[in-house]
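Here the structure is laid out as structure tokens; the discussion comes afterwards.
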Number of protein chains: 2
Amino acid sequence: MTSDVHASHAVSLKKNQKLVHDVLMTAENPLSAYSILDLLREEGFRAPLQVYRALDKLVEFGLVHKLESLNAFVACSHQECSHEEPAVFMICNQCESVRELGDTGLDNHLGKLAKKQDFALKHTTVELHGQCSKCT
Amino acid sequence: MTSDVHASHAVSLKKNQKLVHDVLMTAENPLSAYSILDLLREEGFRAPLQVYRALDKLVEFGLVHKLESLNAFVACSHQECSHEEPAVFMICNQCESVRELGDTGLDNHLGKLAKKQDFALKHTTVELHGQCSKCT
DNA sequence: AAATGAAATGTAATAACATAACATTTTTCA
DNA sequence: TGAAAAATGTTATGTTATTACATTTCATTT
């Protein structure tokens, strides 16, 4: 069993990772770790660590993103890609829906900004809060 | 006593707000609410709410920012300005130092992106993690 | 100055988010 | 097949944040 992380098709998930990923893929909105735990009690989950460990791996694989401003998690919406690109999240304060967008222009901009400051950029968190089109 | 919020010079802080703000102004790095609590026990602080309530106000005034990816707080580094502009935070994973930068180009970019998606943008969280110049 | 209402504060309890530590099982691969 | 690495199970604990309720401070109006 290979685990070609970041190669889209080739990540083979363990049991708990699969369960957590499935829950997030199915969910309409971001879920907290404890919500996931509750949703998976029927599947035998008993403790937060089972969720957090799976989430750690899924985030590492790029299959799940953590929304820092919500302490919640979403499945990556780029189904058939490498899950490598930084992203922007638009989070509706009203309906809690999240839209994930890639934006190479933004990535370039942030890259330049970091370079200008001699900052070795490793990870970007870009989360926009407001009201989505449906809610206005 | 006036409270011209967002008018740089004219915010007059209450006792607890002043204490919390002073601690953050003095600190080299971001502080968690509970670190602030510990630093203010000598001043009579006994409970987290005393810190969180002060922080809420200070954030509202634009004098303090919350770093969502750290669950920690920093004083706004724009001493003599309106504290209104969105900002980028560069956070060193090694020394935990934070540099706050204004970037109107970025703000424009994010504004356009939101507009394109019919998203009524209220607040932006942009936090860059990596290694600062001193640590490389 | 007394009355009023809004904002700020004090305190205890609890909720929500996350990790440490240790034992065991499963998977990988030489 | 046997050793090492990864994943899992479980308990306890650590960390971050809020609810609920009582009291005090402070600006304003009369």
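These numbers come from the heavy atoms of this one structure, side chains and all, not from hydrogens, waters or symmetry mates. Predicted model, so just to flag it, every value in this text is computed and none were measured. To find a chain, count down the sequence lines: A is the first, B the second, and so on, and within it residues start at 1.
- Closest to the side chain of B:Y52, out of C:dA18, D:dA17, C:dT9, is D:dA17.
- Of the residues in residues 87-98 of chain A, not one places a heavy atom less than 4.0 Å from an atom of DNA chain D.
- Between B:K14 and the phosphate of D:dA27, there is no side-chain N or O to OP1/OP2 separation shorter than 4.0 Å.
- Remark: A:N93 engages A:H129 in a side-chain hydrogen bond (donor to acceptor under 3.5 Å, both in side chains) (not counting sequence neighbours).
- Residue pairs meeting the salt bridge (Lys or Arg N to Asp or Glu O under 4.0 Å) criterion with at least one member in residues 109-124 of chain B: none, sequence neighbours excluded.
- Residue pairs meeting the ring-ring contact (aromatic ring centres under 6.0 Å, His included) criterion with at least one member in residues 87-113 of chain B, sequence neighbours excluded, are B:H65-B:F89.
- Sequence neighbours left out, the pairs with a member in residues 31-43 of chain B that pass side chain to side chain donor-acceptor pair (under 3.5 Å) are B:S32-B:S35, B:D38-B:R41.
- Residues forming a side-chain hydrogen bond (donor to acceptor under 3.5 Å, both in side chains) with A:Q50 (at least two apart in sequence, or on another chain): none.
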With a 3.5 Å cut-off and sequence neighbours excluded, list the donor-acceptor pairs that the side chains of residues 24-31 of chain B form with protein atoms.
unit_1	atom_1	unit_2	atom_2	d
B:T26	OG1	B:D22	O	2.8
B:N29	ND2	B:C95	O	3.1

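- Of the candidate nucleotides C:dT11, D:dG9, C:dA18, C:dA18 has the atom lying nearest to any side-chain atom of A:N71.
- Residue order along DNA chain C, read from the 5' end via each residue's closest nucleotide, puts B:Q50 first among B:Q50 and A:P48.
- Note on the helix from C:dA1-D:dT30 to C:dA30-D:dT1: terminal axis deviation equals 40°, with five pairs used at each end and the result rounded to 10°.
- The distance between atom CZ of B:F45 and atom P of C:dT9, rounded to the nearest whole Å, is 8 Å.
- Within the structure, salt bridge (Lys or Arg N to Asp or Glu O under 4.0 Å) contacts touching residues 123-135 of chain B (residues at least two apart or in different chains) do not occur.
- The salt bridge (Lys or Arg N to Asp or Glu O under 4.0 Å) analysis of residues 44-56 of chain A, with sequence neighbours excluded, yields no pairs.
- Every side-chain hydrogen bond (donor to acceptor under 3.5 Å, both in side chains) that A:Q131 has, sequence neighbours left out, goes to A:Q94.
- For DNA chain C, the neighbouring residues in residues 31-44 of chain A, judged by any heavy atom under 4.0 Å, are A:S32, A:Y34.
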